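Have a look at the structure below, then the notes.
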Amino acid sequence: MKKNLDLKKVVLVGTGFVGMSMAYSMLNTGGVDELVLIDVDKEKTIGEAMDLSHGLPYAQSKMKIKAGDYIDCKDADVVVITAGAAQKEGQTRLELTAINTKITKSITEQVMASGFDGIIVVAGNPVDLMAYVAHKVSGLPANRVIGSGTILDTARLRYAIGEYLNISSANVHAYILGEHGDTSFVPWMNAYIGTKSLMEYVVEHKENMDELHKIYIGVQQAAYEIISRKKATYYGIGLSLNRLVQAILNDEDSIFTVSVYQQGEYIEEDLYIGVPAVINRNGIREIINLNLNNNDKKKFLHSCATLKEIIDNEIKPIL
Ligand code: NAD
């Protein structure tokens, strides 16, 4: 158990592009007292801990950073898993299922063997399925296993709508729901500019709904485009993961679209999928149940069916 309850400790498993982008973001924002880095590539991980620590004199943070091992999870508040194979050009996230299920299972077993009793945040892809694996393998309550879900997709959408309408993205309240992947969707009826319906705003300002749909397609395809240009995506998800971990550690009760275990809140059960949820020191405090129209309900169910088929055919045989 934790000796010093005020000490905020995070363990990062996976010191690749995504994990280290989160670590770098954490160094800049502060709010974490101890960050332990774990990866199968131990030499690289020692190098990453050294490199990051050398920036501390100029950072906002007094964070202690070290390369460690799974025993360090014992008294951690949050373990973030970003380890696993990443998408290659032309590859979908779902094509990573088999390899990353084995990796996520093995990591989760080692995290739990330490006596860990905190919150697991999963970011490896396909993230909804990897969160499901971590939940089932860890045996932790569902509120304490969170997938990054559509947190990044939602950030991309808010940024792009803000640019198009020339409104600060802080005042764009629009979500991407569903799988973090090709079956995600935007419930446009539930999108707002400030407190005004986005659809009304668009009509009043003689803007075009078709443009908004194109924005969604751009967001849905963003990972493919970035990967084809620079081989990987990491800053956006790194910032998003840091933001999510801060919301947990600071007991914020903030809302993010994350991958959450479903128990009938949106009809379906026994899968992880992206929905808005209130996040605090207990992980998921509650799912925000949006009133979806029939069209959006169909899209949500299609996204669920896509994930459930893979859970049944590919994941359950491995677990
Ligand atoms: P990367 O190849 O740079 O890093 C992956 C790291 O995982 C490597 O350092 C590797 O050594 C480590 N690793 C592999 N197997 C391991 C194991 N069994 N135990 C410990 N460490 C292990 O890849 P990346 O670009 O950092 O991407 C990591 C994952 O994040 C991928 O699955 C990628 O698809 C995903 N990703 C998710 C999002 C999101 O929005 N959730 C966004 C971008 C990338």
Side-chain angles (χ1 to χ4, degrees), residues 11-25 36-49 51 67-70 72-73 79-111 113 120-134 137 146-157 176 178-182 184 219-228 230-245 256-260 272-274 318:
V11 174
L12 167 66
V13 186
T15 58
F17 286 119
V18 171
M20 291 317 298
S21 298
M22 182 199 75
Y24 184 66
S25 176
V36 181
L37 309 179
I38 301 176
D39 196 288
V40 276
D41 188 341
K42 290 190 191 303
E43 282 304 314
K44 175 180 187 291
T45 301
I46 293 168
E48 293 288 6
D51 195 5
D69 219 323
Y70 285 97
D72 291 293
C73 298
V79 168
V80 183
I81 304 177
T82 65
Q87 270 174 285
K88 298 196 177 62
E89 196 171 344
Q91 200 175 28
T92 69
R93 296 172 180 93
L94 294 177
E95 284 167 347
L96 301 169
T97 302
I99 179 163
N100 282 348
T101 296
K102 289 177 194 137
I103 291 174
T104 306
K105 178 174 185 274
S106 140
I107 289 170
T108 308
E109 284 165 351
Q110 294 175 83
V111 169
I120 297 182
V121 171
V122 182
N125 275 319
V127 69
D128 304 288
L129 299 170
M130 294 310 108
Y132 179 89
V133 170
V137 173
I146 307 171
S148 59
T150 47
I151 193 170
L152 172 60
D153 317 52
T154 289
R156 285 173 174 155
L157 180 74
I176 295 211
E179 172 209 353
H180 170 54
D182 299 344
S184 69
V219 167
Q220 191 225 64
Q221 293 294 312
Y224 295 114
E225 185 179 349
I226 297 169
I227 288 167
S228 89
K230 58 171 270 194
K231 311 281 183 238
T233 85
Y234 36 92
Y235 298 131
I237 185 62
L239 281 152
S240 308
L241 288 171
N242 177 41
R243 184 67 196 86
L244 180 57
V245 172
F256 298 97
T257 47
V258 280
S259 196
V260 188
Y272 270 75
I273 195 162
I318 299 175

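Read the numbers this way: they start at 1 and go in the same order the structure lists the ligands and their atoms. None of the values given here were measured: they were computed from a predicted structure.
Panel note: side chain S25, backbone S21; no donor-acceptor pair is recorded below 3.5 Å. No donor-acceptor distance shorter than 3.5 angstrom exists from the side chain of T15 to the backbone of T45, with no hydrogens or angles considered. For T257 (side chain) and G274 (main-chain N/O), no donor-acceptor pair under 3.5 Å exists by modelled atom type. Put simply, the side chain of N242 never gets that close to the backbone of L239: no donor and acceptor are under 3.5 Å apart.
Rounding to the nearest 0.5 Å gives a distance of 8.0 Å between OG1 of T154 and CD1 of I151. We find the CZ-CG distance between R243 and L241 to be 12.5 Å, quoted to the nearest 0.5 Å. With rounding to the nearest 0.5 angstrom, the OG atom of S259 is 10.0 Å from the CD atom of E179. Distance check: T101 OG1 to I318 CD1 gives 4.5 Å after rounding to the nearest 0.5 Å. The distance from atom CD1 of I81 to atom CG of N100, rounded to the nearest 0.5 Å, is 11.0 Å.
K102 is linked by a salt bridge (Lys or Arg N to Asp or Glu O under 4.0 Å) to nothing, counting only residues two or more places apart in sequence or in another chain. Partners of Y224 by side chain to side chain donor-acceptor pair (under 3.5 Å), not counting sequence neighbours, listed by chain and number: D182.
In this structure the side chain of V80 reaches within 4.5 angstrom of the side chain of T82, judged on heavy atoms.
In terms of protein heavy-atom proximity, atom 27 (O) of ligand 1 is closest to V18 CG2, 3.6 Å. The protein non-hydrogen atom at the shortest distance from atom 14 (C) of ligand 1 is G84 N, 3.9 Å. The nearest heavy-atom contact from the protein to atom 38 (C) of ligand 1 is N125 ND2, 3.7 Å. At the top of the distance list for atom 40 (O) of ligand 1, counting protein heavy atoms only, stands H180 NE2, 3.1 Å. Here the protein heavy atom with the shortest distance to atom 8 (C) of ligand 1 is D39 OD2, 3.5 Å. Nearest non-hydrogen protein atom to atom 23 (O) of ligand 1 is A86 CB, 3.7 Å. Protein heavy atom nearest atom 17 (C) of ligand 1, with residue, atom name and distance: V40 CG1, 3.6 Å. The nearest heavy-atom contact from the protein to atom 3 (O) of ligand 1 is F17 N, 3.0 Å.
Using a 4.0 Å heavy-atom cutoff, A85 is listed among the residues neighbouring ligand 1.
Against a heavy-atom cut-off of under 4.0 Å, T82 is close to the following atoms of ligand 1: 28 (C), 29 (C). Close approach of ligand 1 to A123 (heavy-atom distance below 4.0 Å) involves ligand atoms 30 (O), 35 (C), 36 (N), 37 (C), 38 (C), 39 (C), 41 (N). Counting the atoms of ligand 1 from 1 in the order shown, those under 4.0 Å from a heavy atom of I237 are 38 (C), 39 (C), 40 (O), 41 (N), 42 (C), 43 (C). The atoms of ligand 1 that sit less than 4.0 Å from any heavy atom of I103 are 15 (N), 16 (C), 17 (C), 18 (N). Proximity to N100 (heavy-atom distance under 4.0 Å) selects the following atoms of ligand 1: 32 (O).
Among the atoms of T233, none of the N or O lies under 3.5 angstrom from an N or O of ligand 1. For ligand 1, none of its N or O atoms has an N or O atom of K44 under 3.5 Å away. Geometrically, ligand 1 and S106 share no nitrogen or oxygen pair separated by less than 3.5 Å. The shortest N/O to N/O separation between D41 and ligand 1 does not fall below 3.5 Å. In terms of N/O distances under 3.5 Å, ligand 1 is not approached by V13.
Side-chain atoms of H180 and D153 form a donor-acceptor pair, as typed in the model, at a separation below 3.5 Å.
When G16, G14, G236 are checked for heavy-atom proximity to atom 1 (P) of ligand 1, G16 turns out nearest.
Only the side chain of I107 comes within contact range of ligand 1, with a heavy atom under 4.0 Å; no backbone atom does.
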